[in-house]
S.K.: 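What follows is a structure written as structure tokens; I'll ask about it next.
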Amino acid sequence: MQQRKFGPTGRSVPVIGQGTWNMEGDDRAGALAALRRGIDLGMTHIDTAELYGSGKVESMIAPVIAEYRDRLFLVSKVMPSNASRAGTISACERSLKRLGTDRLDCYLLHWPGSHPLADTIAAFDRLAADGKILSWGLSNFDESGLKQALAIAGPGKIACNQVLYHLRERAIEHAVLPWCEANHVALVAYSPFGSGDFPDPSSPGGKVLGKIAATHRATNYQIALAFLTQRPAVFAIPKASRSTHAEDNAVAEAVTLSADEIAAISSAFPRGSRRGLPMI
Ligand code: NAP
């Protein structure tokens, strides 16, 4: 699995990782088997959040985290409603307890909220000084929010911005991705398959993907991941509850698209003119 430097952290992180949203509703044994299979194949970036199943997902994946802890890049997120100075620290400690670990590799503010960002960042700094988090980042931040965070934290502190990015939702390419690239912040694409609402193979866009996929002996999903992660600042965190899907995702980064293929996909799924940051 190809690895890339994750923003300013100095850590090498696989281009493709694994999401866990809604996992509490999945068949437990099957979902954990898929997670393990993905880790075995190099998808060691695991994304979770206190929000997911109101903590149930963090507890559910704890046995897998325990098995593989030192190999993982483990990410969780604080909900904006908890993101006061003291609240962020308590939320992180609850997440660590549920996950059965003493540290997170990266801790994110799930989306901008009403607590002052300076307080959340001060709490992140405290957690980092105490060794409870190794880096911190943001999620669902637009360009102006990112600028505000940079003004508070200074350069080299924001590890990543995790945002909605899939073939039919490319708004981040206008301003958010260029800002992240210019400021050495990793961009993590969430819901890279549109949360399961993936282009049908019989649709015009699906046919374009299918033709390219056939050339690479790949699936349409693998072509989508290759397209989304073509720029070196970008990582993706698809979620798979089936091991076969985890296996497919783990080898997607091996697909290298030609300039013509990238142009064909781009024109089948135009990025549009909307600059605002979309969110699930
Ligand atoms: P997603 O990854 O876009 O799509 C998941 C769907 O794709 C599932 O139905 C899955 O099926 C299917 N799938 C996965 N791999 C496949 C493959 N190789 N071939 C065919 N189908 C495949 O969904 P998501 O959960 O919305 O997003 C991924 C992660 O991003 C989340 O789990 C979460 O960790 C993160 N996220 C973050 C935010 C945020 O605000 N920061 C918001 C949303 C999501 P099976 O389950 O049957 O395998």
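From a predicted model like this one, the values you see are computed outputs, not experimental measurements. Residue numbers count from 1 along this sequence. Counting starts at 1 for both ligands and their atoms, in listed order.
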S.K.: At their closest point, which heavy atom of Leu225 faces which heavy atom of Asn249, and how far apart are they?
M.R.: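 Scanning both residues, the minimum pair turns out to be CD1-OD1, 3.9 Å.
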S.K.: Evaluate the ring planes of His245 and Tyr221, with Trp represented by its six-membered ring, and classify them as parallel (under 30°), tilted (30 to 60°) or perpendicular (over 60°).
M.R.: parallel
S.K.: For His45 and Phe6, I'd like to know if the aromatic rings sit close, meaning centre-to-centre distance below 6.0 Å.
M.R.: yes
S.K.: Determine, for Asp248 against Arg242, whether the closest basic-nitrogen to carboxylate-oxygen distance falls under 4.0 angstrom.
M.R.: no
S.K.: Identify the protein heavy atom lying closest to atom 24 (P) of ligand 1, giving its residue, its atom name and the separation to 0.1 Å.
M.R.: Ser191 OG, 3.7 Å
S.K.: Which of the listed options, Asp197, Asn140, Ile237, Asp47, holds the heavy atom that is closest to atom 40 (O) of ligand 1?
M.R.: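 Shortest heavy-atom distance from atom 40 (O) of ligand 1: Asn140.
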S.K.: Below 4.0 Å, non-hydrogen atoms only: which portion of Thr219 touches ligand 1? Side chain, backbone, both or neither.
M.R.: neither
S.K.: Can you tell me if Asp197 and Ser195 form a side-chain donor-acceptor pair at under 3.5 Å?
M.R.: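 No, Ser195 and Asp197 have no side-chain donor paired with an acceptor closer than 3.5 Å.
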S.K.: Between Asp102 and Lys132, is the salt bridge (charged side-chain N to carboxylate O under 4.0 Å, His left out) condition met? List the steps.
M.R.: CA-CA 6 Å; Asp102 60 351; Lys132 292 176 181 168; over 6 Å; no
S.K.: What do we get for Ala49 next to ligand 1 when only non-hydrogen atoms under 4.0 Å count, side chain, backbone, both or neither?
M.R.: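 It is neither; nothing of Ala49 touches ligand 1.
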S.K.: Report, in ascending order of atom number, the atoms of ligand 1 lying under 4.0 Å from any heavy atom of His110.
M.R.: 39 (C), 40 (O), 41 (N)
S.K.: Please tell me if the side chains of Leu32 and Glu67 come closer than 4.5 Å, counting only heavy atoms from C-beta onward.
M.R.: no
S.K.: Just go through Gln162, Glu247, Lys239 and tell me whose heavy atom is the nearest to atom 41 (N) of ligand 1.
M.R.: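 Considering heavy atoms of Gln162, Glu247, Lys239, the nearest to atom 41 (N) of ligand 1 sits in Gln162.
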S.K.: Using a 4.0 Å heavy-atom cut-off, which part of Gln222 comes near ligand 1: side chain, backbone, both, or neither?
M.R.: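 Neither part.
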S.K.: Give the minimum heavy-atom separation between Ala246 and Met43, together with the two atoms involved.
M.R.: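 In terms of heavy atoms, the two residues are closest at O-CE, 3.3 Å.
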S.K.: Would you mind listing which atoms of ligand 1 come within a distance below 4.0 Å of any non-hydrogen atom of Pro192?
M.R.: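 Near Pro192, the atoms of ligand 1 are 2 (O), 3 (O).
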S.K.: Report the nearest protein non-hydrogen atom to atom 22 (C) of ligand 1: residue, atom name, distance rounded to 0.1 Å.
M.R.: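 Heavy-atom neighbour on the protein nearest atom 22 (C) of ligand 1: His245 ND1, 3.5 Å.
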S.K.: Roughly how far apart are Leu117 CG and Gln148 CD, rounded to 0.5 Å?
M.R.: 5.0 Å
S.K.: Using heavy atoms and a 4.0 Å limit, tell me yes or no: is Lys77 in contact with ligand 1?
M.R.: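 Under 4.0 Å: yes for Lys77.
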S.K.: Would you mind checking which non-hydrogen protein atom is closest to atom 46 (O) of ligand 1, with the distance to 0.1 Å?
M.R.: Ser241 OG, 2.5 Å
S.K.: Say whether Phe193, considering both its backbone and side-chain N or O atoms, lies within less than 3.5 Å of an N or O atom on ligand 1.
M.R.: yes
S.K.: Give me the nearest non-hydrogen protein atom to atom 43 (C) of ligand 1 as residue plus atom name, then the distance to 0.1 Å.
M.R.: Tyr190 CD1, 3.3 Å
S.K.: At what distance is the nearest protein heavy atom to atom 47 (O) of ligand 1, and which residue and atom is it?
M.R.: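 Scanning the protein heavy atoms, the shortest distance from atom 47 (O) of ligand 1 goes to Arg242 NE, 2.8 Å.
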S.K.: What's the shortest distance from atom 32 (O) of ligand 1 to any protein heavy atom, and which residue and atom give it?
M.R.: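 The closest heavy atom on the protein side is Trp21 N, 2.9 Å.
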S.K.: What part of Tyr52, side chain from CB on, backbone N/CA/C/O, both or neither, has a heavy atom under 4.0 Å from ligand 1?
M.R.: side chain
S.K.: Does only the side chain of Tyr221 get under 4.0 Å from ligand 1, or the backbone, or both, or neither? Count heavy atoms.
M.R.: side chain
S.K.: Can we say Glu143 and Lys147 salt-bridge, meaning some charged N sits less than 4.0 Å from an Asp/Glu carboxylate O?
M.R.: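 Yes.
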S.K.: Taking the six-membered ring for Trp, are Tyr107 and Phe124 parallel (under 30°), tilted (30 to 60°) or perpendicular (over 60°)?
M.R.: perpendicular
S.K.: Mind checking whether Ser195 contacts ligand 1 via backbone (N, CA, C, O), side chain (CB onward), both or neither, at a 4.0 Å heavy-atom cut-off?
M.R.: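 The answer is both.
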S.K.: May I ask you to identify the nearest protein heavy atom to atom 18 (N) of ligand 1, giving residue, atom name and distance to one decimal place in Å?
M.R.: Asn249 OD1, 2.8 Å
S.K.: Before we go on, tell me: are the rings of Tyr190 and Tyr165 under 6.0 Å apart, centre to centre?
M.R.: no
S.K.: Below 4.0 angstrom, N of the basic side chain to O of the carboxylate: do Glu181 and Arg231 qualify?
M.R.: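 The answer is yes: the pair qualifies as a salt bridge.
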S.K.: Looking at atom 9 (O) of ligand 1, what's its closest protein heavy atom, distance included?
M.R.: Gly196 CA, 4.1 Å
S.K.: Which ligand 1 atoms are under 4.0 Å away from a heavy-atom of Asp248?
M.R.: 18 (N)
